[in-house]
Engineer: 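Supplied in C-alpha cells, the structure appears directly below.
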Amino acid sequence: MHKKLTLIGAGPGDPELLTLKAYRIIEKSEVILYDNLVNREILDIAPTETEKIYVGKIPYKRFTHQDRIHELIDHYGNRNKSVVRLKGGDPFIFGRGFEELLFARRHGFDVQYVPGISSMQAIGTCGIPLTHRGVSDGVWAVTGTKSDHALSGDVALALQSRSTLVIYMGMNKLDTIATLYTLHGAGDTPAALVQEATTPRQKVVYTTASRLADAAYESRLTHPALIVIGEVTQLASLAAAQAHYAVNRVV
C-alpha cells in the first residue's frame with residue numbers, strides 16, 4: 001500500500017500568496033486536513049469530491065488534539081488516500097508540522113513538505129521590514145507560550161540584541177513581556193501588534209514594549225496576533241511619509 005502525506009503551508013491569509021506548487025497539489029487532492037488559520041477560499045481549489053476535514057485549534061476554544069490529527073492522517077493513509085495537511089503560514093514555523101512528518105514516516109508514509117509564506121514574513125505588507133540596514137541586525141522568532149505554558153527565556157536574550165523580536169502565540173503573555181522589558185530598562189522600545197496581515201481584516205497597532213497589554217486592550221485586539229518588538233516597527237511611518245511625498249510632489 002502506498003501512503004502519502006503532503007505538508008503544505010497555506011500562507012498568511014491572502015489566497016494569492018499560496019505557492020504554485022501548493023496550488024497544483026491541492027487541485028488534485030483527495031483528502032485535506034486543514035487548520036483554523038487557513039483561508040477557506042483555498043479549499044475551493046480542491047475538487048468537489050475532495051474530503052475536507054477541519055482539525056483547527058483556536059486558543060482557549062475549539063481544540064483538535066494533536067493525537068487525533070495523527071489518527072486521521074493514519075486513517076486516510078490506510079484507505080489508500082493521498083493526504084494533504086494544510087496549515088496556515090509555514091508548517092515548520094511553530095506549526096508542529098515536523099511532528100506530523102515524523103509520525104507519518106514512522107507509519108510508512110512518503111512525506112513531502114511544501115513551504116508557505118509565514119505570518120512573520122507577512123508583516124512586511126504592513127510596511128514593517130523584519131530587518132533593515134543600520135536598524136536591525138537580524139530576527140528572533142520566538143514562541144510566547146512553551147509546552148509548560150512559560151514565556152520563552154529567549155525573549156530576555158532578544159531584548160539585549162539589535163535584532164527584531166517576533167513573538168508567536170504570545171497574546172496571553174503581554175503583561176509579562178511588558179514587565180520584562182521595563183525591568184531591563186527597555187520599556188520604550190517601539191513595538192507593534194499585527195493581526196491577519198494580507199487580509200481585508202488586517203489590523204496593526206503601534207505602541208511600545210511597556211504598553212503592549214494596554215494597547216491590546218484599548219484596541220480590542222486579541223488572538224491570533226503577532227507581537228513585533230524593535231526599531232523596525234517605526235519604519236512603517238517613514239515608508240508611508242515617503243509614499244505621500246512621491247504622490248504629491250510637484251514635478
Side-chain angles (χ1 to χ4, degrees), residues 11-14 35-39 56-63 88-90 93-95 117-130 135-136 139-161 163-240:
D14 183 348
D35 281 353
N36 180 59
L37 295 178
V38 172
N39 189 319
K57 300 173 182 176
I58 302 176
Y60 315 113
K61 295 182 181 179
R62 292 179 62 190
F63 186 88
D90 182 275
I93 300 180
F94 302 119
I117 295 175
S118 72
S119 55
M120 176 176 70
Q121 292 171 291
I123 67 172
T125 64
C126 307
I128 302 173
L130 291 175
V135 177
S136 172
V139 183
W140 293 66
V142 178
T143 178
T145 307
K146 300 191 299 179
S147 57
D148 62 358
H149 305 294
L151 181 69
S152 172
D154 280 6
V155 175
L157 297 174
L159 69 81
Q160 300 175 59
S161 74
S163 294
T164 306
L165 173 60
V166 181
I167 303 175
Y168 287 71
M169 299 170 289
M171 291 298 287
N172 64 335
K173 292 287 193 298
L174 290 176
D175 281 317
T176 303
I177 296 165
T179 299
L180 183 64
Y181 267 78
T182 301
L183 291 175
H184 279 78
D188 291 335
T189 304
L193 299 168
V194 182
Q195 187 173 68
E196 298 194 76
T198 77
T199 76
R201 299 170 301 282
Q202 175 178 299
K203 189 172 185 179
V204 185
V205 176
Y206 297 96
T207 184
T208 61
S210 65
R211 294 202 73 257
L212 280 167
D214 293 334
Y217 176 78
E218 292 164 2
S219 61
R220 298 182 180 180
L221 197 152
T222 182
H223 308 277
L226 287 181
I227 305 161
V228 188
I229 306 176
E231 299 294 333
V232 293
T233 59
Q234 292 189 314
L235 298 177
S237 59
L238 175 62

Engineer: Taking all non-hydrogen atoms of both residues, which atom of A141 and which atom of F94 are closest, and how far apart?
Structural biologist: O-CZ, 3.6 Å
Engineer: From I117 CD1 over to T125 OG1, what is the distance, rounded to the nearest 0.5 angstrom?
Structural biologist: 10.0 Å
Engineer: So among V155, T164, L165, L159, which one has a side-chain contact (heavy atoms from CB on, under 4.5 Å) with I229?
Structural biologist: L165
Engineer: About how many Å separate CG of L130 and OG of S118, when rounded to the nearest 0.5 Å?
Structural biologist: 7.5 Å
Engineer: For S210, does its backbone N or O pair with a side-chain atom of T182 as donor and acceptor, under 3.5 Å?
Structural biologist: no
Engineer: Under 3.5 Å, side chain of D148 to main-chain N/O of A150, donor-acceptor pair present?
Structural biologist: yes
Engineer: Looking only at heavy atoms, what is the nearest atom pair of G127 and P129, with distance?
Structural biologist: O-CD, 3.4 Å
Engineer: Hey, could you give me the OG1/CG distance between T199 and N39, rounded to the nearest 0.5 Å?
Structural biologist: 8.5 Å
Engineer: Could you list the residues that satisfy side chain to side chain contact (heavy atoms under 4.5 Å, CB included) with R220, not counting sequence neighbours?
Structural biologist: none
Engineer: Spell out, as yes or no, whether a donor-acceptor pair under 3.5 Å connects the side chain of Q195 to the backbone of L226.
Structural biologist: no
Engineer: What closest approach, in Å, do I177 and G170 show between heavy atoms, and which atom pair accounts for it?
Structural biologist: CD1-O, 4.2 Å
Engineer: Is there side-chain contact between D35 and V38, with at least one heavy-atom pair below 4.5 Å?
Structural biologist: yes
Engineer: What heavy-atom pair brings T143 and I167 nearest, and what distance separates the two atoms?
Structural biologist: C-CG2, 4.3 Å
Engineer: Do you know the tightest heavy-atom contact between T233 and A191?
Structural biologist: OG1-N, 3.5 Å
Engineer: When you measure from the side chain of E231 to the backbone of S136, do you find a donor-acceptor pair of N or O atoms at a distance under 3.5 Å?
Structural biologist: no
Engineer: For the atom pair CD1 (I123) and CD (Q202), what is the distance rounded to the nearest 0.5 Å?
Structural biologist: 10.5 Å
Engineer: So, for P12 and S119, which heavy atoms are closest and what is the spacing to 0.1 Å?
Structural biologist: CB-CA, 4.1 Å
Engineer: Decide yes or no for Y168 and I93: does some side-chain heavy atom of the first lie under 4.5 Å from some side-chain heavy atom of the second?
Structural biologist: yes
Engineer: Can you tell me how far apart SG (C126) and OH (Y206) are? Round to the nearest 0.5 Å.
Structural biologist: 6.0 Å
Engineer: Checking side chain to side chain contact (heavy atoms under 4.5 Å, CB included) for the pair M171/L221: CA distance, chi angles, key distance, verdict?
Structural biologist: CA-CA 9 Å; M171 291 298 287; L221 197 152; 3.5 Å; yes
Engineer: With rounding to the nearest 0.5 Å, note down the distance linking CG in L174 to OG1 in T222.
Structural biologist: 8.5 Å
Engineer: I would like to know whether I227 and L193 meet side chain to side chain contact (heavy atoms under 4.5 Å, CB included); could you show each step before the answer?
Structural biologist: CA-CA 5 Å; I227 305 161; L193 299 168; 3.8 Å; yes
Engineer: Between V166 and W140, does a side chain to side chain contact (heavy atoms under 4.5 Å, CB included) hold up when you go through it step by step?
Structural biologist: CA-CA 6 Å; V166 181; W140 293 66; over 6 Å; no
Engineer: Evaluate M120 against V139 for side chain to side chain contact (heavy atoms under 4.5 Å, CB included), listing each step before the verdict.
Structural biologist: CA-CA 10 Å; M120 176 176 70; V139 183; 3.9 Å; yes
